[in-house]
Amino acid sequence: MKTRAETKVDWLEVAGRRIPRVWRELWPARQRGGHSLHEISYRACFKAELPRFFLRRMSRPGDLVLDPFMGRGTTLIEAALLGRVPCGNDLNPLARILCEPRLDPPEESEVEERLSLYRRDLVDPGPDADEPDLEVFYHPVTLGLLRALRSRFLEGEKSGSLDRTDRWLRMIATNRLSGHSPGFFSVRTMPPNQAVSIETQRKLNERRGLRPEPKDVLDLMARKSRSLRRGLDAEVLEGLRRVAARARFLTEDAAALESLPDASVRLVVTSPPFLDVVDYAKDNWLRCWFNGFDAEAIGRRLSTPSRLGEWIGKMMEVFRALVRVLLPGGWVVFEVGEVRGGKIRLEESILPAAAAAGLEPVSVLVNLQEFTKTSNCWGVENNRKGTNTNRLVLLRKPGGLGSREGRPWG
Ligand SMILES: C[S@@+](CC[C@H](N)C(=O)[O-])C[C@H]1O[C@@H](n2cnc3c(N)ncnc32)[C@H](O)[C@@H]1O
């Protein structure tokens with residue numbers, strides 16, 4: 001069912017001030033859609049039009065733009081496409097693996113040559129002692145090639161010998177590991193941003209009579225590479241390379257950001273975990289295995305508390321870190337959701353914490369548009385606990401020049 005609503009405004013009381021909450025469609029259909037480079041899936045990622053809307057209005061080319069919870073790096077890719085300098089942070093090192101190669105894509109000829117070399121040279125090293133039972137997802141021949149790719153990437157990472165083409169192909173292989181269509185390496189399963197457990201896949205295979213077929217892994221990688229590159233021309237590549245050399249990637253707690261200098265960031269566009277609605281470590285376990293990361297250990301460090309008070313406390317620490325790294329007058333766009341079936345409105349919870357941390361609450365924008373976040377590959381709505389609106393909390397660090405005052409989104 002479509003939920004398209006008229007523009008309306010209500011008011012929130014925050015620290016003795018009235019803050020408008022504006023409900024409207026922020027980006028009409030003709031402004032939706034993103035560059036092909038964005039097409040790397042990630043659980044609870046936002047769409048390119050969200051950071052684009054604010055990047056255009058609240059930053060200029062050359063400005064440093066930060067996402068402290070970067071995920072697949074939607075903010076960073078869009079910032080780079082618009083000539084801003086991207087800076088991203090995520091406690092899961094997978095985020096950098098998925099984002100960094102797209103700031104400096106190799107030429108198509110480099111990709112083809114490298115895939116031919118892989119086809120000639122890669123040898124299955126056999127399973128590690130602790131390899132999970134991956135044959136529920138892959139045909140033995142496919143699994144052999146995946147192990148060979150994995151060990152090439154892990155060894156290259158250790159010795160520092162991976163070049164941009166290897167990193168691009170590692171990102172693509174990570175993205176193609178499992179999914180619901182023939183373009184993925186696995187038997188039919190859930191979408192790629194949500195790997196199911198081995199036990200669940202075993203049951204799915206039994207119930208649906210599925211058996212992993214051999215896949216031409218390198219050919220599927222070549223196709224995905226072409227598809228990601230289809231929006232790239234010489235001008236876009238040149239623009240990306242100009243900012244890629246200055247891009248920054250951190251793997252810290254978003255409340256730390258210790259390696260970022262004070263007063264350096266013009267704009268933050270970000271989306272934290274919404275309480276415990278998504279289990280980022282579990283959904284990414286297969287991608288973590290492929291890249292040699294311990295998903296459980298990462299999961300224990302992520303900020304996904306079930307209790308609202310604990311979540312607010314954590315976000316307050318994040319706001320304090322943002323106040324330090326922002327330029328005076330710099331902006332924060334903090335996307336949160338309506339969770340627990342609408343009983344908790346995170347934007348209302350977050351505003352007093354932001355004000356207490358030293359950010360000036362400016363407004364809340366609620367983007368209304370039809371609900372499209374449903375995955376029906378198994379006839380299952382996978383976002384039942386989620387939200388169908390983007391709630392964007394706009395905050396500003398006090399000070400700076402007056403030119404960015406007012407309503408830059410208007
Ligand atoms: C909603 S997702 C961000 C998605 C992103 N906007 C995108 O478009 O892909 C939240 C991210 O926060 C990360 N995360 C959770 N707790 C964190 C913390 N304390 N510090 C840094 N990153 C954290 C998770 O690993 C996850 O990638």
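Counting from 1, the numbers follow the sequence of the chain as shown. For ligands, and for the atoms within them, numbers begin at 1 and follow the listed sequence. Basis for what follows: all heavy atoms, side chains included, without hydrogens, waters or symmetry-related copies.
Contact atoms of ligand 1 toward A44: 1 (C), 4 (C) (distance under 4.0 Å to a heavy atom of the residue). Atoms of ligand 1 lying under 4.0 Å from at least one heavy atom of M70, given by number and element, are 5 (C), 7 (C), 9 (O).
Nearest heavy atom pair, residue T174 against residue L94, reads CG2-CD1, 4.0 Å. Closest non-hydrogen pair, G179 versus S186, comes out as N-OG, 3.2 Å.
Within 6.0 Å of atom CD in E131, more than 12 heavy atoms from other residues, nucleotides or ligands are found, so the atom counts as buried in its surroundings. The 12-atom threshold is exceeded at CZ of R230, counting heavy atoms of other residues, nucleotides or ligands nearer than 6.0 Å. Counted within 6.0 Å of CZ on R241, heavy atoms from surrounding residues, nucleotides or ligands total more than 12; the atom is thus considered enclosed.
The nearest heavy-atom contact from the protein to atom 23 (C) of ligand 1 is F69 CD2, 3.4 Å. Summary of contacts: the protein heavy atom closest to atom 2 (S) of ligand 1 is Y280 OH, 3.4 Å. The protein non-hydrogen atom at the shortest distance from atom 20 (N) of ligand 1 is A254 N, 2.9 Å. Considering only non-hydrogen protein atoms, atom 8 (O) of ligand 1 sits nearest to T74 OG1, 2.5 Å. Atom 9 (O) of ligand 1 has R72 N, 2.9 Å as its closest protein atom, hydrogens excluded (heavy atom only). Protein heavy atom in closest approach to atom 10 (C) of ligand 1: S271 O, 3.6 Å. Among protein heavy atoms, the minimum distance from atom 19 (N) of ligand 1 is reached at S303 OG, 2.7 Å. Atom 22 (N) of ligand 1 has its closest protein heavy atom at L91 N, 3.2 Å.
In this structure, L322 and L66 have side chains that are in contact, with non-hydrogen atoms separated by less than 4.5 Å. Using a 4.5 Å heavy-atom threshold, the side chains of I298 and F293 count as touching.
A cation-pi geometry, defined here as NZ or CZ lying under 6.0 Å from the six-membered ring centre and within 45° of its normal, holds between R57 and F53. Remark: R150 is positioned above the aromatic ring of W289, its terminal NZ or CZ atom under 6.0 angstrom from the ring centre and at most 45 degrees off the axis.
When only interatomic distances are considered, the shortest N/O to N/O separation between P273 and ligand 1 does not fall below 3.5 Å.
Heavy atoms of A95 stay at 4.0 angstrom or farther from ligand 1. In this structure, A255 falls outside the shell of residues with a heavy atom less than 4.0 angstrom from ligand 1. Remark: distances from the non-hydrogen atoms of E252 to ligand 1 include one below 4.0 Å.
The side chain of N89, and not its backbone, has at least one atom closer than 4.0 Å to an atom of ligand 1 (non-hydrogen atoms only; side chain from C-beta on). Here Y42 has side-chain heavy atoms under 4.0 Å from ligand 1, and that is the only part of it that gets that close.
For atom 13 (C) of ligand 1, the nearest non-hydrogen atom from the set D253, D90, L50 belongs to D90.
Aromatic rings from F185 and F137 are positioned such that their centres are separated by 6.0 Å or more.
In the model, D283 has no side-chain atom that pairs as donor or acceptor with a side-chain atom of Q194 under 3.5 Å.
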